[in-house]
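Before any comments, here is the structure.
Lettering of chains follows the sequences in order, A, B, ..., and the numbering in each one begins at 1. Treat the numbers as computed from the prediction; the structure is a model and nothing was measured.
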Amino acid sequence: MDLSFTAEERAFRDEMRDFFHTAIPERIRRKLREGLHHSNDDQIETQRILNARGIAVPNWPVAWGGQDWSPVQIYMWQDEMQQACVPFPLAFNCSMVGPVIAEFATEEHKQRFLPRAANLDDWWCQGFSEPGAGSDLASLRTTAVRDGDEWVINGQKTWTTLGQYADWIFVLARTDMAAKKQEGISFLLVDMKTPGITVRPIQTIDGGHEVNEVWFDEVRVPAGNLVGQENKGWDYAKFLLGNERTGIARIGISKSRIKRIRELAAFERVGEGRLIDEPKFREKLASVEIDLKALEMTQMRVVAQERTLPRGKPNPMSSVLKIKGSELQQATTELMMDVIGPYVAPFFTEEELEGRNEPPIGPDDAATAAPMYFNWRKISIYGGSNEIQRNILAKAVLGF
Amino acid sequence: MDLSFTAEERAFRDEMRDFFHTAIPERIRRKLREGLHHSNDDQIETQRILNARGIAVPNWPVAWGGQDWSPVQIYMWQDEMQQACVPFPLAFNCSMVGPVIAEFATEEHKQRFLPRAANLDDWWCQGFSEPGAGSDLASLRTTAVRDGDEWVINGQKTWTTLGQYADWIFVLARTDMAAKKQEGISFLLVDMKTPGITVRPIQTIDGGHEVNEVWFDEVRVPAGNLVGQENKGWDYAKFLLGNERTGIARIGISKSRIKRIRELAAFERVGEGRLIDEPKFREKLASVEIDLKALEMTQMRVVAQERTLPRGKPNPMSSVLKIKGSELQQATTELMMDVIGPYVAPFFTEEELEGRNEPPIGPDDAATAAPMYFNWRKISIYGGSNEIQRNILAKAVLGF
Amino acid sequence: MDFDLSDDQRMIKDSVERLIADRYGFESRRALMRNPEGWSREMWAQMAELGLLGVAFDEAHGGFGGGPVETMLIAEAFGRGLVVEPYFATVVLGAGLIRRAGSADQQAAYLPQVASGELLLAFAHHERHARNDLAHVAATATEQDGVWTITGEKSLVLHGDTADKVIVSARVAGETTDHNGIGLFVVDAVGLNRRGYATQDGQRAAEIAFDATPAEAVLSLDGFPAIAATVDAAIAFVCAEAVGGMAEMHSSTVDYMKTRKQFGRAIGEFQVLQHRAVDMFVNLEQSRSMALYATMMAEEPDAAERARAISSAKVAIGRNGRAVGQEAIQLHGGIAMTMEYKVGHYFKRMTMIEKLFGDTEHHLAKVAQAGGAL
Amino acid sequence: MDFDLSDDQRMIKDSVERLIADRYGFESRRALMRNPEGWSREMWAQMAELGLLGVAFDEAHGGFGGGPVETMLIAEAFGRGLVVEPYFATVVLGAGLIRRAGSADQQAAYLPQVASGELLLAFAHHERHARNDLAHVAATATEQDGVWTITGEKSLVLHGDTADKVIVSARVAGETTDHNGIGLFVVDAVGLNRRGYATQDGQRAAEIAFDATPAEAVLSLDGFPAIAATVDAAIAFVCAEAVGGMAEMHSSTVDYMKTRKQFGRAIGEFQVLQHRAVDMFVNLEQSRSMALYATMMAEEPDAAERARAISSAKVAIGRNGRAVGQEAIQLHGGIAMTMEYKVGHYFKRMTMIEKLFGDTEHHLAKVAQAGGAL
């Protein structure tokens with residue numbers, strides 16, 4: 001048992017850190033640091049820089065641009081990227097559809113889609129959730145019916161993140177209506193320009209537009225857009241969801257939020273002193289940091305188990321990372337609210353913030369504190385709510 | 001709406017307070033104040049003083065020694081008694097078997113049992129819970145079989161509080177084996193001297209002996225010891241449990257604990273200052289006090305509803321009082337642990353404490369802090385665990 | 001101790017609840033907010049007509065002669081409706097200051113206009129670095145030839161963008177954080193340098209700069225006690241408002257749990273969610289109790305006792321409100337994250353109430369310093 | 001970063017776990033505790049024989065040459081067994097001080113005797129009003145003719161009643177709370193004025209009064225750094241011990257939930273109880289992580305970094321341990337309140353660990369003052 005990093009691992013970490021700080025424009029990283037959304041152009045620019053360096057999709061097979069990294073290296077790459085406030089390579093491309101295509105699709109699909117996905121030449125979005133199928137994803141009702149050389153898709157998807165920018169969507173649709181719930185689902189790739197697709201924005205309580213409803217009305221896609229086998233889509237979806245085993249805690253993001261909180265609290269005056277010097281505030285902050293340190297160690301333990309687990313098989317310990325990771329991300333938003341104090345109140349749209357010619361009201365980041373607090377409530381809901389994570393642990397670990 | 005007490009109510013409160021402080025020996029009240037158990041002699045002495053004044057059983061019918069008090073007066077009587085650290089009239093006599101006898105038993109039973117119960121001439125204990133029937137009380141398996149003029153009781157009861165001192169026990173026993181769960185249960189009065197009864201002590205984790213197992217082996221009791229009707233015992237048990245609607249929060253006890261915590265924290269040195277002056281400690285204390293103040297107001301609202309509710313019918317709001325009241329009582333034990341600090345460690349038996357000729361170790365009340373913390377974990381378990389209380393609220397108030 | 005309403009109180013309650021039920025549904029509210037000022041003058045007139053604006057004023061001032069209980073009933077209903085009209089700014093703060101600090105003549109001059117809905121007020125008090133210190137006033141007022149002029153910058157002035165007159169705190173003596181030496185002035189809003197904006201919860205506020213701006217009236221040259229009393233009453237108001245919002249969040253959650261199906265059954269059948277809805281209920285009831293307590297103590301003459309009680313209530317409401325709001329979102333799931341669904345709006349309002357006039361930590365420290373809550 | 005055990009470490013782990021499994025069942029432990037000293041000399045000899053007492057000592061001192069990981073493995077197993085023998089007092093504290101503060105000769109004199117089980121030690125350091133201040137030493141040591149004598153009262157001396165020799169901190173210079181000027185002395189226990197007693201968790205302790213008591217050796221005249229380092233290592237030890245106890249509480253709870261029936265089914269079928277058992281698991285895993293972190297940092301040469309990490313671990317263990325213990329009791333119900341059932345005993349040990357060498361609040365304040373945990 002050796003609980004410190006090797007010299008090689010530390011060197012790798014330094015290399016990643018340097019690269020992220022020097023190669024990714026400060027203009028982009030500043031936005032994330034201050035709690036603003038980055039634009040889709042920022043996303044594309046960043047991912048192409050990473051891809052040029054060969055580190056946009058390290059978890060893919062080497063043949064398709066991946067890296068033969070150890071789990072520790074993957075973790076360091078991710079953590080340093082988050083700490084440096086670098087927009088993460090688009091998850092729908094890199095963590096979701098890419099690995100599924102690489103694992104299950106035809107060679108033709110791979111050649112056609114993988115390089116473009118890695119370089120964000122195609123922007124993918126996810127067509128999984130439906131209004132009636134949230135935590136209970138397998139109850140989805142969107143259908144795809146074979147008609148000659150085409151699939152005809154009808155139904156409605158929701159919570160489609162950044163669907164407004166997407167070129168392609170990967171869709172779970174029911175292709176065997178008679179089969180049991182999880183059976184009879186297929187995994188289809190759909191060009192967003194196909195007639196019959198309507199994207200309707202959903203405005204979230206922070207005022208932003210991140211998610212959408214996507215309607216399919218007699219949408220015809222070529223039969224060849226089916227991934228893998230017909231009616232095996234649920235297996236691919238499980239593979240997709242099971243792949244994200246360690247990054248789910250987003251510890252680097254919480255760390256960068258805490259760093260920002262400390263910076264701002266050093267400028268905030270309380271009576272004669274500074275907020276950062278108030279014992280009570282410091283202890284609240286330290287409490288969150290201690291939990292985060294524990295979670296980081298927990299994550300390292302999960303990372304260390306990675307070697308022993310097959311790809312795509314979920315590790316129930318990921319549920320621990322998801323539960324605590326989401327709680328801590330949310331805790332950082334509450335700490336930021338404490339820092340900003342009464343100045344959380346003024347509301348401005350992102351457009352107003354970015355183009356503003358009037359001075360901001362209150363301390364730096366005041367305008368993003370409440371929207372982030374509101375928006376990040378989603379973290380304990382999406383990707384398998386924390387209640388679902390507890391169900392998983394109850395069954396898989398405790399044996400109930 | 002008038003949210004203050006009337007002059008009459010305030011005068012009544014003062015009268016109670018004066019009486020409790022002057023009529024009940026300081027020797028007895030000191031024990032409760034310092035977290036010690038009072039003896040059975042203390043219990044008897046106190047209850048007889050209260051009974052002589054006519055205030056041992058105010059919630060009984062006036063004909064049997066009760067008082068025609070308003071719910072507010074009952075509340076004040078209880079709260080002031082608790083704040084004055086006066087041992088409460090034995091619950092098994094006064095809140096449990098007494099009201100059941102007064103409501104459901106024969107005139108002969110009333111004359112025979114009620115005056116002696118009020119004066120603690122008979123010490124009663126409760127034979128409800130069984131090893132397999134805790135939260136699910138109705139699944140009890142103790143049987144009473146009619147044999148001529150007698151009932152023959154077989155079975156085992158547990159958690160029988162203070163059963164070692166008891167003269168009588170009231171027992172729920174199954175008298176119709178064929179009936180459904182809640183039906184076929186009868187309510188019997190049993191002299192503890194009857195042959196076949198064995199009392200076995202249960203030592204609790206605080207080191208004390210408060211509860212017992214009581215074994216019934218062919219215990220024969222006169223047929224006339226049945227209360228009310230055969231097979232109606234479950235109704236009487238529900239009446240008994242439903243009667244305790246407002247006192248369950250034990251706010252006066254939490255108040256007296258907090259008062260003691262403040263006293264001791266004023267003597268405890270931290271660096272150059274006193275613990276009571278540490279902002280963090282003060283805020284922890286204030287947090288509990290604020291919750292307690294809220295609960296006191298909640299209790300007043302429940303008290304105000306009392307007029308409109310029939311006797312013996314449970315008010316689901318009592319479950320709110322039980323949940324928060326138990327949490328706050330437990331919170332006071334943790335605060336006391338904070339005050340005592342490392343001196344919670346030394347362990348002494350009650351006998352050693354009472355008869356000790358060596359000086360105590362550490363601050364006052366050091367020896368009782370941890371035992372009380374341990375012992376009071378029971379408060380969220382007994383009398384319907386907090387989980388059961390949540391089930392009640394989910395069904396009765398939220399309509400699930 | 002009597003929790004029943006008098007006939008008059010029941011009348012007010014019925015009247016305001018009917019207004020909210022009829023006119024303040026989710027879609028109606030959206031429509032009201034689409035007015036250029038962010039709220040509805042027509043609704044304001046209706047509130048005046050129902051007597052809500054003057055409910056706490058003397059009858060001589062066009063009021064109803066009510067007290068904290070009447071105000072609480074309105075606040076709770078407004079909390080259920082998420083009312084956006086400037087009641088809090090005009091009636092609770094503005095008129096509250098005039099009632100507490102103004103002379104009989106001043107009260108007679110201003111209050112009837114408030115009651116009738118003609119006069120909108122705002123309280124320009126907070127400054128950038130005041131944080132939670134109510135006595136932090138750096139803006140100054142100076143007198144020349146019997147005219148007071150004010151210089152300084154006020155921030156987060158609730159409904160300051162549409163107020164006809166602004167009550168401004170400004171220092172006439174002492175250091176920035178002294179309790180003594182704070183004057184209270186009435187300034188006509190015409191020509192004021194105001195920058196209005198929306199707030200996270202759909203209310204409005206403004207930054208206001210005063211530059212040798214003349215006051216039209218002096219309410220007090222030692223205004224801190226009136227400010228403290230008014231702010232305490234204002235906290236009691238938002239506590240009751242929060243209870244209204246929490247009650248809505250709770251009932252919405254329970255209703256949703258009974259209808260939303262996942263895994264083949266209503267999610268309300270899952271025991272773990274039931275217990276969490278129960279915990280929300282317990283928090284709601286504890287909050288309701290503390291809002292009543294705040295109401296009971298809102299006009300307590302002993303300022304220290306009053307402040308201690310009000311701070312206790314603010315802590316309880318802040319904590320419970322946060323817990324209830326977060327659970328309401330979580331138990332609903334994604335739907336509650338959308339602007340199209342009502343729960344998120346209550347959550348945002350609760351969040352802003354927690355930060356208003358001192359957050360939970362601030363008030364907890366106050367209670368602790370004052371020797372506790374009991 | 002490698003969480004796998006070496007072969008030697010696995011051997012130690014197997015050996016101590018077998019000892020606990022074979023000899024430290026619930027009833028066996030009761031029997032051991034019935035010895036007049038409250039623990040078993042026979043068990044102690046067996047621990048010596050297995051090499052557990054010298055696991056961290058150099059081979060030259062009869063040890064195994066192990067480090068913090070080896071010690072952690074023993075601590076966790078001892079936590080599972082609720083071991084009552086004076087390992088912590090003798091090996092972790094007593095020998096820890098000798099290793100850190102003693103000369104090579106002193107180490108050679110004492111450590112082999114500890115490793116062989118012949119010598120029992122205790123650390124007489126805490127004083128009545130020290131509370132959590134490790135530098136609070138009012139007892140004094142003075143030298144005359146080359147002999148140091150000690151005067152003062154030491155309190156809560158773990159296993160001080162049976163120790164053969166006591167390591168005493170006493171002031172040789174400075175004020176009561178100065179970090180400098182604290183001497184560390186070895187005192188033979190024969191003739192010492194000791195008042196022994198049991199502790200809540202079935203361990204033993206003593207109050208010891210020194211009255212011009214001569215020391216047999218001087219370990220250091222500037223002992224604070226060695227005290228701080230030893231106490232940090234001791235905290236790492238009890239963190240691992242706590243993890244062992246929490247793991248037992250958790251598995252007992254889950255097992256009980258699978259067998260205990262109420263309302264016609266195993267209580268483990270109730271989803272709300274399942275989720276709470278899951279939360280216990282999450283707390284346990286977070287604690288395990290922090291015990292590993294404490295182990296990793298226990299011999300960090302930078303004292304400030306070490307202290308910050310150790311305090312972080314103590315906070316995490318204290319909070320999670322309390323939560324796990326309280327839930328273990330609650331989910332079991334009444335049975336866990338009895339001395340005849342094992343869970344309550346773990347709960348009591350967890351509670352005492354939380355108060356040992358500074359409680360959660362104290363260590364949280366330390367972390368906060370040191371600039372945070374990251």
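Ranking C:Ala313, C:Gly67, C:Ala365, C:Ala266 against chain B, the residue ahead of the rest is C:Ala365, based on heavy-atom pairs under 4.5 Å.
Here the closest non-hydrogen pair linking B:Ile290 and C:Ala316 is CG2-CB, 3.9 Å. Contact between B:Ala286 and C:Ala373 at its shortest, heavy atoms only, is O-CB, 4.5 Å. Shown here for B:Phe400 and C:Ala277, the closest heavy-atom pair between the two residues is CE1-CB, 4.2 Å. The heavy-atom pair separating B:Ile323 from C:Val282 by the smallest distance is CD1-CG2, 4.5 Å.
For chain C, the nearby part of B:Val397 is the side chain; its heavy atoms alone come within less than 4.5 Å. Within the 4.5 angstrom heavy-atom criterion, only side-chain atoms of B:Ile258, from C-beta onward, approach chain C. Neither the backbone nor the side chain of B:Leu285 comes within contact range of chain C, judged by heavy atoms closer than 4.5 Å. Of the two parts of C:Met72, only the side chain, counted from C-beta on, holds a non-hydrogen atom closer than 4.5 Å to a non-hydrogen atom of chain B. For C:Val69, the part lying near chain B is the side chain, with the backbone staying farther off; criterion is any non-hydrogen pair under 4.5 Å.
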Quiz item: Passes side-chain contact (heavy atoms from CB on, under 4.5 Å), B:Met1 versus C:Leu292? Steps please.
Solution: CA-CA 10 Å; B:Met1 191 179 278; C:Leu292 284 165; 3.9 Å; yes
Practice problem: Evaluate the side-chain contact (heavy atoms from CB on, under 4.5 Å) criterion for residues B:Val320 and C:Phe281: first the C-alpha distance (whole Å), next the side-chain angles of each, then the deciding distance (0.1 Å), finally the verdict. | Solution: CA-CA 9 Å; B:Val320 173; C:Phe281 174 75; 3.8 Å; yes
Across chain B and chain C, going purely by atom type as modelled, what donor-acceptor pairs are there at a distance under 3.5 Å?
| unit_1 | atom_1 | unit_2 | atom_2 | d |
| --- | --- | --- | --- | --- |
| C:Met1 | N | B:Ser4 | O | 2.7 |
| C:Asp2 | N | B:Asp2 | O | 2.7 |
| C:Asp2 | O | B:Asp2 | N | 2.7 |
| C:Asp4 | O | B:Met1 | N | 2.5 |
| C:Gln9 | OE1 | B:Met1 | N | 3.2 |
| C:Lys258 | NZ | B:Leu398 | O | 2.7 |
| C:Gln271 | NE2 | B:Asn391 | OD1 | 3.4 |
| C:His275 | NE2 | B:Asn391 | OD1 | 2.6 |
| C:Asp279 | OD1 | B:Arg390 | NE | 2.7 |
| C:Asp279 | OD1 | B:Arg390 | NH2 | 3.2 |
| C:Glu285 | O | B:Arg301 | NH1 | 3.0 |
| C:Glu285 | OE1 | B:Arg301 | NH1 | 3.3 |
| C:Glu285 | OE1 | B:Arg301 | NH2 | 2.4 |
| C:Gln286 | OE1 | B:Leu295 | N | 3.4 |
| C:Gln286 | OE1 | B:Thr298 | OG1 | 2.8 |
| C:Gln286 | NE2 | B:Asp291 | O | 3.3 |
| C:Ser289 | OG | B:Thr298 | N | 3.2 |
| C:Ser289 | OG | B:Thr298 | OG1 | 2.6 |
| C:Ser289 | OG | B:Arg301 | NH1 | 2.9 |
| C:Arg319 | NH1 | B:Ser287 | OG | 2.9 |
| C:Arg319 | NH2 | B:Ser287 | OG | 3.2 |
| C:Ala368 | O | B:Arg282 | NE | 2.9 |
| C:Ala368 | O | B:Arg282 | NH2 | 2.8 |
| C:Gln369 | O | B:Arg282 | NH2 | 3.2 |
| C:Gly371 | O | B:Arg262 | NH2 | 3.1 |
| C:Ala373 | N | B:Glu289 | OE1 | 2.7 |

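Other residues, nucleotides and ligands place more than 12 heavy atoms under 6.0 Å from the CZ atom of C:Phe263.
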